[in-house]
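Below is one structure; the comments refer to it alone.
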Amino acid sequence: MRTVAMRTGAMRAMATRRHSVARQTGWAMAAVVVLAVLVSALITAGLVGSHARAETRHSLVLQADQAAAVLDAADPNDVSTTLQVLRRQRTPTAWRAANGVVRGAALARQAYGRLGQPQPSRAASRQTRVDGRLVLVELRPLSRNRVLVMAREVTTFGPEAGFLWRMLAGLVAGLLVAGLAAWWLSRRISGPLRDTAEVAQRLAAGERGVEVPVDGPREVAEVGESVNALAASLERSEGRQREFLMSVSHELRTPLTAIRGFGEALADGVTMGEQARRAGETILAEAGRLERLVGDLLELARVGAVDFSVDVAPVDLRELVEAAAAVWAERARAAGVDFRLEVPDPAYGPVVAPTDPVRLRQVVDGLAENALRVTPAGRPLVLALGVEGPSGADGACLVEVRDGGPGLSEEDREVAFERGALHDRYRGVRRVGTGLGLALVKALVDGLGATITVEPAPLEGGTAFTVRLPRDP
């Protein structure tokens, strides 16, 4: 528990050093929105500037054409009329007289000077810079070697400034809305994840019966459901482990009590003669039970270990099954059980499969011992070898153990290979073993890369266990 608590504390410390999902999501969305706002603002400013220049140029062209038409119609020697026309223009305007003198607004005169005082032969549009300002210039040739000059400064934030500011205000409002959405979304995601992490830490600390509130987006909810399923599975597994340990403790206590009682009787000299012999037999029998129980526990632990070894080689299953039958036929005869061996015809030849002969013999012995224990006297016990599927490597070799015992129900068959399941269910109802035999068989079969099934045995009336091994090509 102390190790688990230290590990949980370390996990929490690491979690505090890292940024939360809410903060990361919020910063990421804010960065994306800010980048979008900046890009949109730059594009909008460029579009507005281009539009402003185009509108300014169009307006300037119309004014220049109108002013040139009026001046051409007026008396070129009437300077007062020319000045009146120029004053009516809302745009800085100048003209160059025939003698080369330029008169009029200062901006128009400066822009004309920047252009090098050209003498256009027809209407011309130019642009230049005056004191760093962009100025559009319209030149119109007039009669008697005169030139009309109209200039206008281009201002990006002119009439279109209101539109630009409204767009920027909308972008800023979008940034605020996006920030609020990022905050809400991050809370929506991080809240259930934080609850899930808290439940996981409580589970790691040994607490059981806790559940994660299933909330949030679908993926986050699926994480919560998975943690809940894991917690339920962990609780069931630990419950089975407790039941198993209680069962093993009971099984250990019974023979130990008998051994202790008879041992004390022998030590005190209370048991003498024939009673002493029977006490010794009882002690030997109970010691054998303890040895089988401890052996099964060690085998189960060894099978679950990383260093569990399997030496695979081509094995003639006919020889292996016949050798096992020689042993179990004698034990069945002593118990009054009708033992039978079924193998393919000798003409079929050897039945070879790649497996570990020692481990497979453990499987056969475990199944035969389980079957002999539940089979009444006079009923059959069958050890069979068969071949399934076509000849060659695509088929399978079948090793079957069928008995004429009371059989297993469908519910029994579903938990037949769980440790202690049938033992707890039928204790006091029928003869049971340590509760580990079939679990050990299943672990060995899995280690061999084979499969095992349990079905009713129609002919014998009991249960049939079938081990399927791949056939050697």
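Keep in mind that the numbers below use all heavy atoms, side chains included, and drop hydrogens, waters and symmetry copies.
Between atom CG of residue L367 and atom CG of residue L438 there is a gap of 7.0 Å, rounded to the nearest 0.5 Å. Remark: F339 CZ to D403 CG distance equals 12.0 Å, nearest 0.5 Å. Atom-to-atom distance recorded for E455:CD and T463:OG1 is 10.0 Å, nearest 0.5 angstrom. Considering CD of Q127 and CG of L136, their distance stands at 6.0 Å, rounded to 0.5 Å. Summarising the geometry, atom CG belonging to L444 is positioned 11.0 Å from atom CG belonging to D365; distances are rounded to the nearest 0.5 Å. Atom-to-atom distance recorded for L385:CG and L317:CG is 5.5 Å, nearest 0.5 angstrom.
In this structure a side-chain-to-backbone donor-acceptor pair under 3.5 Å is missing from N228 to E225. Using modelled atom types, no side-chain atom of D338 and backbone atom of G378 make a donor-acceptor pair closer than 3.5 Å. The main-chain N or O of E222 is found under 3.5 Å from a side-chain atom of S226 such that the two form a donor-acceptor pair.
Between R57 and S125, some side-chain heavy-atom pair lies under the 4.5 Å cut-off. L381 is not listed as a side-chain neighbour of R340, based on a closest heavy-atom distance of 4.5 Å or more. Using a 4.5 Å heavy-atom threshold, the side chains of V137 and T128 count as touching. In this structure, E460 and P380 have side chains that are in contact, with non-hydrogen atoms separated by less than 4.5 Å. Counting heavy atoms from C-beta on, the side chains of V321 and L383 come closer than 4.5 Å. The shortest distance between side-chain heavy atoms of L372 and W328 falls below 4.5 Å. For the pair V382 and E400, the minimum side-chain heavy-atom distance is 4.5 Å or more. In this structure the side chain of F465 never reaches within 4.5 angstrom of the side chain of V399, judged on heavy atoms.
Remark: R471 does not engage E388 in a salt bridge, criterion side-chain N to carboxylate O under 4.0 Å. We find that E330 and R333 are joined by a salt bridge, their nearest charged nitrogen and carboxylate oxygen being less than 4.0 Å apart. Looking at E342 and R402, a side-chain N of the basic residue comes within less than 4.0 Å of a carboxylate O on the acidic one, giving a salt bridge.
P314 approaches V352 most closely through the heavy-atom pair CB-CG1, 3.8 Å. When all heavy atoms of T355 and P357 are compared, the closest pair comes out as O-CD, 3.5 Å. In terms of heavy-atom proximity, A377 sits nearest to V337 at CA-CG2, 4.5 Å. Among all heavy-atom pairs drawn from V327 and R361, the shortest one is CG2-NH2, 3.6 Å. Considering every non-hydrogen atom in both L469 and A353, the closest pair reads CB-CB, 4.4 Å. Between V401 and A371 the shortest heavy-atom distance is CG1-CB, 3.9 Å.
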(message) Evaluate D356 against L448 for side-chain contact (heavy atoms from CB on, under 4.5 Å), listing each step before the verdict.
(response) CA-CA 7 Å; D356 186 330; L448 293 173; 3.7 Å; yes
(request) Please step through side-chain contact (heavy atoms from CB on, under 4.5 Å) for the pair R468 and T453, ending with a clear verdict. (result) CA-CA 8 Å; R468 284 177 171 81; T453 57; 3.4 Å; yes
(request) Please step through side-chain contact (heavy atoms from CB on, under 4.5 Å) for the pair K442 and I452, ending with a clear verdict. (result) CA-CA 7 Å; K442 182 64 167 60; I452 184 170; 3.5 Å; yes
(request) Verify side-chain contact (heavy atoms from CB on, under 4.5 Å) between L320 and V315, making sure each step is shown before the conclusion. (result) CA-CA 8 Å; L320 187 144; V315 177; 4.2 Å; yes
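Using modelled atom types and a 3.5 Å distance limit, the side chains of R152 and S59 yield a donor-acceptor pair.
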